[in-house]
There are 2 protein chains.
Amino acid sequence: MPRRHNQKSAPSQVDVARAAGVSTQTVSRVISGQSNVRPETARRVLAAVEELGYRVHAAAASLASGRTRILGVIVVSTARYSTSAITVGIEAVATEEGYSVTTASVADHATRDSFFDAFDRLERQGAEGVILLAPFSFLDPGMDTRIERTPTVLMHRLTGGVGTESVVDQSAIARLATEHLLSLGHRTVWHVSGDDYWLESRVRRETWEQVLIEHGVTPPPVIPADWTPESGYRAGRTIAAIPDATAVFVASDEMAFGVIRALHEAGRTVPDDVSVVSVDDIALAAYAAPALTTVRQPFEAVGRAAASRIIDMIEEREPTPVEPIHPELIVRASTAPPA
Amino acid sequence: MPRRHNQKSAPSQVDVARAAGVSTQTVSRVISGQSNVRPETARRVLAAVEELGYRVHAAAASLASGRTRILGVIVVSTARYSTSAITVGIEAVATEEGYSVTTASVADHATRDSFFDAFDRLERQGAEGVILLAPFSFLDPGMDTRIERTPTVLMHRLTGGVGTESVVDQSAIARLATEHLLSLGHRTVWHVSGDDYWLESRVRRETWEQVLIEHGVTPPPVIPADWTPESGYRAGRTIAAIPDATAVFVASDEMAFGVIRALHEAGRTVPDDVSVVSVDDIALAAYAAPALTTVRQPFEAVGRAAASRIIDMIEEREPTPVEPIHPELIVRASTAPPA
DNA sequence: TTGTAGGCGTTATCAT
DNA sequence: ATGATAACGCCTACAA
């Protein structure tokens, strides 16, 4: 039964107190930067801390204080660009605010119970708040009891329950993309959707349908895919087989690479024969052939906002005002007016 | 000073013990699955646990036991595919083994001190082992005292100090790529390197040089880049200006997209005029135009291996034998014999 | 098989 | 400004 490796006796407050000739309480005060300590005393304590290499023991501190300053993040274990980019933002804010981040991942297409397991692992670990970087609805039975005791932030805009928050407006993305194609003069817009397991897939599809209807056009059938370039390629073959398809809204850049490949193989040129607009603006979007017109999601800002929000909730303070996060249409070379 | 949100009084072992009519010690035994408890007693305890919604308090448990079962991971905060893919593997093993994962990120191009800060944050948090998913050498002064008290795994094969381990053979990657081009009949191979901040950049460059020398050719000057597609693009323009360049080893797929774009814009066809081989095999590699010939790094396996290794070190048991992790050359359409 | 006692390292509370 | 003392919730060691 190993204790901490080699750490026979990390110095404790008692050691520091003794070395500095003060009580542990004074050490505690100095460490936590309280003001009511004579400068001279503080200096002695700090010297002893330095000398002994003392560092607070997080477990002991949180047992005594009831606070852990741990943020939990639930992620789906696929190496998706969006996920890691959002995480960068979360980490940044957490560190700034003195929180640490622990992650619990669930398999792609995981069941509800896997999510609850992950949630419970984080709670057991002491997470004071949880960010759900994963497709999940607050409406799910079983979720309510959890978000009641632990502040939770979703990354999806949905009808929420008590204390729920969300950050990204997926609907605006789909609208931007679809209206861009329409405004170019295309009669209708086809849609290659992401995996329906993910909420944003559904939201984007619904908005796309709605925008078309608003413009008086009957939505064509959705071409389902699953976020992977492979699935985009298959969808592209489907589209290539539709002679009068001239515009496609693809739910992610990665899929757009596949779509374009399939189109080109079928002898249909992008954007001359078919316009393609996608979503994300990953680093490679500008280096596709042709460069992708896409709706940029400011992932890092999203992560920062989520972290700020959850910390506000934990500390029960007024929500920090954040710049509204707007998706942005980046027009490059994959879209054009119909021939 | 908020305590845990709404959690006025999470039930403790004492509550469970009282409800089940046993001592807290028996509760503890049941929870930790020890065998020396009468089945009937265990059942009563479990019923009480269920009833009250009891869960162990991690901080209290680790304060008492001296164990946290926390794994620390230091990552550089850029949304790189490799990083998130490796993380997936780490998480998987950690969860299987009952560990949780805490992340500390440092800025890209962070100084040594930032790394030490991150390391210290993880230690303070109670990490029993640390995986350095970041460019760092054990030889760095200041590192030795840390790895002495906390088991550490690097993701880079380097000369190591005491108790150091590493997982990926970056050198094999560069050899595979360079020899592939040479075996195709190219006279020499140019190299677009990654950011020198990252150790693998240097290792790949050195191996590339060495392989060329082994084959009796004098290495041309390195074309430096920084992992981004943009930097690849700039490097590609440089190469396009070299009339007799027919083969390039690019240190990452993302940069290869940029290189190829620049080459095409300059009227040089890939692979007819110039062959390009890169590294990683990201999901989009097969959807580049032309599809990339690349050296696949089995990132998830790497993550799994790193996690297994660090857990073995923590628990002071014999290293779990792992399948050797070999990079693999995936030949697609971006390489060909010289014209 | 079960229980009792003590302590893990810190912070909160109340004195001084 | 500083200190004494009592938790915090659990686990280890030992006793019964």
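The figures here come from the full heavy-atom set of this structure, side chains too, leaving out hydrogens, waters and symmetry mates. Only a predicted model underlies this, so the values are computations on that prediction, with no experimental measurement involved.
Following rounding to the nearest Å, A/Glu40 (CD) and D/dT2 (C1') show an atom-to-atom distance of 14 Å. Atom OH in A/Tyr54 sits about 10 Å away from atom C1' in C/dT11, given to the nearest Å. In this structure, B/Gln25 atom CD and C/dT1 atom C1' are separated by 12 Å, rounded to whole Å. Rounded to whole Å, atom C1' of C/dA15 lies 14 Å from atom CG of A/Asn36. At whole-Å resolution of the value, NE2 in A/His57 and P in C/dG7 are 18 Å apart. One can place CZ of A/Arg43 at 15 Å from P of D/dA1, the figure rounded to the nearest angstrom. Between A/Arg67 atom CZ and C/dA12 atom P there is a gap of 11 Å when expressed in whole angstrom units. C/dT10 atom C1' lies 16 Å from atom CZ of A/Arg69, rounded to whole Å.
Checking C/dG3, D/dC10, D/dA1 against the side-chain heavy atoms of A/Arg38 singles out D/dA1 as nearest. Side-chain proximity of A/Ala60 to the nucleotides D/dT2, C/dT10, C/dT4 is greatest for C/dT10. Nearest nucleotide to the side chain of B/Val22, out of D/dC11, C/dG3, D/dG9: C/dG3. For A/Ser23, counting side-chain heavy atoms from C-beta on, the closest listed nucleotide (D/dC10, D/dA4, C/dT10) is D/dA4.
At distances below 3.5 Å, at least one donor-acceptor pair connects side-chain atoms of A/Arg69 with backbone N or O atoms of A/Gly98. A donor-acceptor pair is defined here as one N or O able to donate and one able to accept, closer than 3.5 Å; no such pair exists between the side chain of B/Tyr99 and the backbone of B/Val93.
Both A/Thr41 and A/Thr24 sit near DNA chain D, but only A/Thr41 has its closest nucleotide nearer the 5' end. Nearest-nucleotide mapping onto DNA chain C: of B/Val37 and A/Ser12, the residue sitting toward the 5' end is B/Val37.
Taking side-chain N and O atoms only, A/Ser65 has no distance below 4.0 Å to OP1 or OP2 of C/dT10. Dashed line: the shortest gap from a side-chain N or O of B/Thr26 to OP1 or OP2 of C/dT2 is not under 4.0 Å.
Using a cut-off of 4.0 Å between Lys/Arg side-chain N and Asp/Glu carboxylate O, B/Arg317 and B/Glu97 are scored as salt-bridged.
A/Gln34 and A/Ser32 are linked by a side-chain donor-acceptor pair at a separation below 3.5 angstrom, with hydrogens and angles left out of the test. Looking at A/Glu123 and A/Thr150, their side chains do bring a donor and an acceptor atom within 3.5 Å of each other. B/Thr111 and B/Ser114 share a side-chain donor-acceptor pair at under 3.5 Å.
When the shell of 6.0 Å around CD of A/Glu40 is examined, it contains more than 12 heavy atoms from other residues, nucleotides or ligands. Crowding of A/Glu96 atom CD: a count of heavy atoms from other residues, nucleotides or ligands under 6.0 Å exceeding 12. For CD of A/Glu51, the number of neighbouring non-hydrogen atoms (other residues, nucleotides, ligands) closer than 6.0 Å is 12 at most.
For the helix from C/dT1-D/dA16 to C/dT16-D/dA1, the rotation axes defined at the first and last 5 base pairs enclose an angle of 30°, given to the nearest 10°.
Residue A/Arg29 forms a side-chain contact (heavy atoms from CB on, under 4.5 Å) with just one option from A/Asn36, A/Val45, A/Val22, A/Thr24, and that option is A/Asn36.
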List every contact pair, protein side and nucleotides 14-16 of chain D side both N or O, where the distance is under 3.5 Å.
none

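Judged by distance alone with a 3.5 Å cut-off, no donor-acceptor contact links the side chain of A/Gln13 to the base of C/dT11.
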